[in-house]
Amino acid sequence: MELPRKYKAKDCEQRWLDHWKDTNIFAYDPTRGRDETFVVDTPPPTVSGSLHVGHLFSYSHQDFVVRYQRMRGKNIFFPIGWDDNGLPTERRVQNLYNVRCEPHIHYNPDLDVKRGRKGNPTPIGRLNFIELCEEVTKEDEEAFRNLWTRLGLSYDWSQEYATIDAHCRTMSQYSFLKLLEDGHIYQAERPVMWDIGFQTAIAQAEIEDKERPSAFHFLRFGVEDGDRDHIVIATTRPELLASCVAVLAHPEDERYKNLFGKRAITPLFKVPVPIMPDPLADPEKGTGIVMVCTFGDQTDVEWWREYDLPLRQTIGRNGLMMPVTFGAEGWDSLDPDAANAVYTQIAGQFVKKAQKTIIAIAEETEGLIDRPKEPLTHAVKFFEKGDLPLELIPTRQWYTRIMDKKEALTEQGRKIAWRPEFMGKRYELWVEGLNQDWCLSRQRYFGVPIPVWFRVGDDGRALYEERILPAIEDLPVDPLNDAPAGFTEEQRGQPGGFIGDPDVLDTWATSSLTPQVATKWFKDQARHDNLFPMDIRPQSHEIIRTWAFYTIVKAYLHSGEIPWRNVVISGWILDPDRKKMSKSQGNVVTPEPLLDEFGADSVRYWAARARLGVDTAYDELVFKTGKRLCTKLFNASKFVIGRFADIDPAQLGPDKIVAEPDRAIIAELRPLIERATAAFDDFDYAQALSLVEDFFWRTFCDNYIELAKGRTYKEELTEGRLSAASTLRLVHRVLVRMLAPYLPFLTEEVWHWCYTGDAGMHESVHRSPWPTLDEIAAIPAPRNALTYQASVGVIEAVRKAKAEANLSMKAPVSRVTVTAKADAIEAVQNAVDDLKEMLHIEQVEFVEGTPGPGLVAVEVRAQ
RNA sequence: AGGCGCGUAGCUCAGUUGGUUAGAGCGCAUCCCUCACACGGAUGAAGUCCGCGGUUCGAGUCCGCGCGCGCCUACCA
C-alpha cells in the first residue's frame with residue numbers, strides 16, 4: 001500500500017464527507033428500541049446571527065458525545081434545526097433591503113426590492129416582508145449547513161428542520177391550542193414590558209438589566225389640609241409626573257404618618273392624589289415618600305392593582321408622550337388650563353426628551369424643585385436585543401401561566417442531571433426569581449402566527465372573548481391570511497364577521513418544542529414515544545433561562561415529564577483578554593479561515609480541550625497543538641502499519657502477544673480504556689481526550705514503539721516479531737478508535753488504510769466499537785507488574801546520560817548498570833533485549849540494592 | 001445585595017474518591033538531521049498550588065474566614 005508522505009487535512013476532509021453521506025452511516029434507525037437509542041435535542045442556532053468561533057466550539061462538544069455513544073453501539077438520533085423566526089431575521093431583512101413592514105399594505109406578487117439601496121426605507125406588505133425573510137433565511141441556513149458539515153458534525157441530515165417551516169408552525173400552534181384548551185394559556189389586557197423601539201411586548205426572560213446613569217429630582221408636591229404646605233418626593237422619572245396617581249409612604253414613617261388619608265397635589269399638573277401608607281415604601285429610599293405612576297416600574301403596577309388606582313397612561317407604544325387633556329374624565333386637575341399648558345410642551349415628545357423638557361419647566365417654576373438633583377446609577381431594564389429602556393404599557397397579550405408552577409418547575413429541574421452540576425443552580429435561581437407569567441405574543445411579523453380568530457360584533461368591534469380556533473388538521477394557519485372555517489375572506493373585519501389575531505408567538509414558544517418538533521409528536525405518536533424524553537440537551541449556559549427553561553415548561557405542561565435526562569453545558573469562547581466575543585466589540589473570530597488553516601480535526605481538538613461548562617479564552621496555540629497531534633497520528637500510523645502490513649493478518653492476533661514488554665504495554669492500556677470510558681460516560685470528553693492523547697504520545701509513540709521497533713525489523717517471522725507486530729496493531733487500532741470522536745477525518749483515513757475489514761469492526765471507524773477491556777481480556781498480564789515502569793526508568797536514565805553528553809540518541813553505550821530491588825531487576829530483565837537494541841547498549845549489569853528515589857538507579861558508561 | 005464558579009510554572013490549563021519527589025502544551029535554555037515524524041526527538045531551568053486558620057499520620061484536593069477575578073439572580077421612587 002502506498003501511503004501519502006505528508007498529512008494534508010484538506011485532501012481528505014471532503015472525501016470522507018462524501019463517503020459518510022453516500023454510506024448514510026449517521027442515519028437514525030427507527031426500528032431499534034429506546035434502550036439502545038441515544039437521543040439528542042440539539043440547539044438550533046440562530047441563522048441570522050453571524051457565524052462565530054463559539055459555534056465551532058459548542059457544536060463540537062455535542063459531536064464528541066454523540067460519536068462516542070455511536071461507537072458504544074447506540075442508535076443515534078441526532079437531528080439539527082435552524083432557528084430563523086423572530087426579530088434578528090426581521091432586522092437583517094430591514095437592513096439588507098432597506099424596507100419597512102407595514103401590515104396594512106396588500107401583498108404585491110411582483111414586488112422587486114434590491115439589496116443595499118440607499119434612502120428612506122420602502123414600506124412593503126406583511127406577506128412580502130415574510131417572503132424576504134424566508135429568502136434571507138434560506139441563504140443563512142446554507143452558510144450554517146456548510147460550516148456544520150465542514151466541522152464533521154455527525155447529524156442525521158434527513159431530520160433537519162427550521163423553526164419557521166410548516167412542520168414547526170404546526171407543532172407550535174398545536175402546542176398553543178392544547179395549552180389554551182387545558183387552561184394554561186390566557187389572554188389579558190394589562191401593563192406589560194414593552195420595547196418602544198420594536199414596539200412589541202417581551203417576556204421576562206428577554207429582559208436584561210443595564211446600569212445607567214440617572215438622577216434623583218426632588219420635587220415639591222402640595223398637600224391638601226395638611227400641617228405643612230408641601231412634601232418633597234424624589235423621582236428619577238419626572239416625565240411621568242402627569243401619570244402620578246398616588247403618593248405612598250411606609251405606615252410607620254413618623255415623617256408622613258399624619259398625612260395618610262389626605263391628598264397630595266402634583267406640581268405643574270395640580271392633580272390631587274391620595275397619600276397612603278404601604279409597607280413596600282422604603283423609608284431609606286429618596287425622601288421616603290414615593291409617587292405611584294402608571295407606570296414607572298413593576299412596583300407601581302402592584303400598587304396600582306392593590307389600591308385599584310386609576311390609569312393615567314402618558315407613554316405611548318412608540319415611546320412618544322400621548323396626547324392628554326387635563327380636565328377631561330379621569331384627568332382631574334385643580335387647574336386644567338395650567339396643566340394643559342405644561343403638558344402641551346411634552347406631548348408628542350420622546351420619553352427621554354420629555355424628561356428634559358419637564359425638568360427645564362420645573363427649574364423655571366418657582367418653589368418646585370426643593371434641592372439640586374442627586375446623580376446616581378441604577379439598573380434599568382432593557383430588551384436584550386434593544387437599546388431603549390423598556391416601558392410598562394397596558395396592552396392585550398397572551399400568557400402562559402407559570403407563576404403558579406414555580407415549585408413544580410423547580411422540581412422538574414431537579415430531576416434532570418445538569419453537567420456540570422452547579423449549572424442546575426442557575427436554573428433554580430431563575431425559576432425562583434420569576435415574577436410574571438410568560439408573555440407569548442409579539443407584535444411582529446416573521447414568526448409563527450397565533451392561531452386564533454375573534455368574532456367581530458355588530459358594532460364592528462372585536463369580541464376578544466369569542467374566539468374561533470382552527471381544527472388541528474388545518475394547521476398551520478395564518479389568521480391574517482386564512483379565513484376561519486365557516487367564514488369567507490369577505491367577512492374579515494366586518495360586523496358579524498371575524499378578525500385574525502395580528503400577533504406572532506414568541507420565538508421561544510416554538511424553540512421550546514425542539515424535542516417535540518424532532519419526534520414529530522402527535523403526527524407520529526409511536527415515534528414520539530420512542531424518543532421522548534430525550535437523553536441529552538447540549539447547550540451553553542446563557543440560554544438556561546430561555547431555552548432550557550421554556551423547554552422544561554412545555555414538556556411539563558404537555559406531558560408532565562422532563563424533556564431530557566441530561567443537560568450538558570458548554571462554556572463560552574472568550575477573546576484572549578477573557579472578554580465575551582461580540583460583534584459590537586469587534587472581537588469575534590470567524591470560523592471558516594480557521595478550518596482552512598488548521599483543518600476541521602485540529603479545530604475540533606481545540607474544542608475538545610475545554611472542560612464542560614468552563615469558559616475558555618481563545619488561543620490559537622491550541623489549534624497548532626491539535627494540528628501537531630494530527631501530524632503525529634498520521635506519521636505514527638503510517639509507521640506502525642508499515643511494521644506489520646506485509647504480514648498475513650492471520651498470523652497476528654492477541655494470542656501472538658507473548659513477549660513481556662508487549663504484555664506490559666497491554667497492561668498499561670487497561671486503565672486507559674477504563675478511565676477514558678468512565679470519563680466519556682460522564683460526558684467528560686476533555687478528560688478522555690487528555691488521557692488518550694497522553695497515552696498515545698508518551699506511552700505509545702515515545703516509548704513503546706521505540707522499544708518494540710527492533711523486533712519488527714527482524715528478517716524472519718520470529719515469535720518476537722509477530723508479538724511486536726500484533727501488539728502494535730492492537731494498540732494502534734484501539735487508539736485510533738479512541739481518537740475518532742475528536743478527529744473524525746484523520747482517524748477515518750487511517751482506519752481505511754488497514755482496519756475496515758477486521759472481524760467485529762465496521763467499515764467506518766465511527767461505527768466500529770469503542771474499545772473495551774473484553775478485547776484484551778485474553779492477553780495475559782506480564783509476569784512482572786513493574787515491567788513497563790522499570791523499563792521506562794532505564795530508558796529515561798540512558799537518554800538523560802546521552803543528552804548530558806551531547807550525544808545522539810543512537811550513540812552506543814558500552815555498559816549500563818541497573819541498581820534496583822529484586823522485583824524491579826526482574827522487570828528490567830524481562831525487557832532487556834528490547835532495551836539494549838533501542839538504546840544501543842552493549843551490556844547491562846544488575847546490582848541488587850536500594851535504588852534511592854524511583855524504581856531503578858541506572859549508571860551509564862559511554863563508549 | 002444574594003448565589004455559583006474560579007485562583008496551580010512566564011502564558012493556557014490538567015490534576016482520577018486526601019497518599020511518595022505537583023503534571024501537560026506553548027514559551028525558554030542546551031543538545032540530537034536516530035532508516036514514522038525537525039510540523040520531530042532528548043534533556044533541563046522554572047511553582048510559598050491566592051492568603052490565614054482548622055480537620056488529618058498526611059491537604060493542591062476536605063472545612064472555616066479573608067482577598068482577587070468572572071458569571072448568574074435581584075436592584076428603575
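Lettering of chains follows the sequences in order, A, B, ..., and the numbering in each one begins at 1. Every value quoted in this text rests on a predicted model; they were computed, and no experiment measured them.
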- Item | Lys709(A) side-chain N/O to A36(B) phosphate OP1/OP2 under 4.0 Å | yes
- Task: Identify whether any heavy atom of Ala811(A) sits under 4.0 Å from a base atom; if not, whether one sits that close to sugar-phosphate; answer base, sugar-phosphate or nothing.
- Result: nothing
- Item | Residue matched to U73(B) through Watson-Crick or wobble contacts both under 3.5 angstrom | A1(B)
- side chain to side chain donor-acceptor pair (under 3.5 Å) against Asp370(A), all qualifying residues, sequence neighbours excluded: Arg220(A)
- Just checking Cys293(A): base, sugar-phosphate only, or nothing, at a heavy-atom cut-off of under 4.0 Å? nothing
- Message: Over all strands shown, is Leu280(A) touching base, sugar-phosphate only, or nothing at heavy-atom distances under 4.0 angstrom?
- Response: base
- Would you please confirm or rule out a distance under 4.0 Å between OP1 or OP2 of G44(B) and any side-chain N or O of Lys800(A)? yes
- Message: Regarding Trp606(A), tell me which of base, sugar-phosphate or nothing describes its non-hydrogen contacts under 4.0 Å with the strands shown.
- Response: nothing
Mind listing the N/O atom pairs, protein and nucleotides 5-9 of chain B, below 3.5 Å?
none

- Query: What does Met809(A) touch in the nucleic acid at a heavy-atom separation under 4.0 angstrom: a base, only the sugar-phosphate, or nothing?
  - Reply: base
- Item | Listed once per pair and sorted, the salt bridge (Lys or Arg N to Asp or Glu O under 4.0 Å) pairs that draw on residues 675-700 of chain A, sequence neighbours left out | Arg419(A)-Asp682(A), Arg698(A)-Asp702(A)
- Message: Check this for me: does the side-chain of Glu706(A) come within 3.5 Å of the base of A36(B) through a donor and an acceptor?
- Response: yes
- Message: Could you check whether any side-chain N or O of Asp601(A) sits under 3.5 Å from a backbone N or O of Leu746(A), counting only pairs where one atom can act as donor and the other as acceptor?
- Response: yes
- Message: Applying a 4.0 Å non-hydrogen cut-off, can you work out what Lys425(A) is touching in the nucleic acid: base, sugar-phosphate, or nothing?
- Response: sugar-phosphate
Dump the pairs, protein N or O against N or O of nucleotides 18-27 of chain B, anything under 3.5 Å, distances to one decimal.
residue, atom, partner, partner atom, Å
U21(B), O4, Gly854(A), N, 2.8
G25(B), OP1, Arg698(A), NH1, 3.2
G25(B), O3', Arg628(A), NH1, 2.8
G25(B), O2', Thr625(A), OG1, 3.2
C26(B), OP1, Arg628(A), NH1, 2.6
C26(B), OP1, Arg628(A), NH2, 3.4

Between protein and nucleotides 68-71 of chain B, what N or O pairs are separated by less than 3.5 Å?
residue, atom, partner, partner atom, Å
C71(B), O2', Arg426(A), NH1, 3.4
C71(B), O2', Arg426(A), NH2, 2.8

- Item | Between C75(B) and G23(B) - C1' atom distance, rounded Å | 45 Å
- Message: Looking at Lys381(A) and C76(B), is any side-chain donor or acceptor paired with a base atom of the opposite kind under 3.5 Å?
- Response: no
- Message: Looking at Gln687(A), I'd like to know whether one of its side-chain N or O atoms comes within less than 4.0 Å of OP1 or OP2 on G15(B).
- Response: yes
- Whole-Å distance between C37(B) C1' and Ile641(A) CD1? 15 Å
- How would you label the contact of Asp300(A) with the nucleic acid (heavy atoms, under 4.0 Å): base, sugar-phosphate, or nothing? nothing
- Task: Take Val380(A) and Arg675(A), find for each the nucleotide of RNA chain B with the closest heavy atom, and name the residue whose nucleotide sits nearer the 5' end.
- Result: Arg675(A)
- Query: What does Glu284(A) touch in the nucleic acid at a heavy-atom separation under 4.0 angstrom: a base, only the sugar-phosphate, or nothing?
  - Reply: nothing
- Task: Tell me the partner of A9(B), counting only Watson-Crick (N1-N3 plus N6-O4 or O6-N4) or G-U wobble (N1-O2 and O6-N3) with both under 3.5 Å; none if nothing fits.
- Result: none
- By side chain to side chain contact (heavy atoms under 4.5 Å, CB included), Lys406(A) pairs with (sequence neighbours left out) Met403(A), Val431(A), Leu434(A)
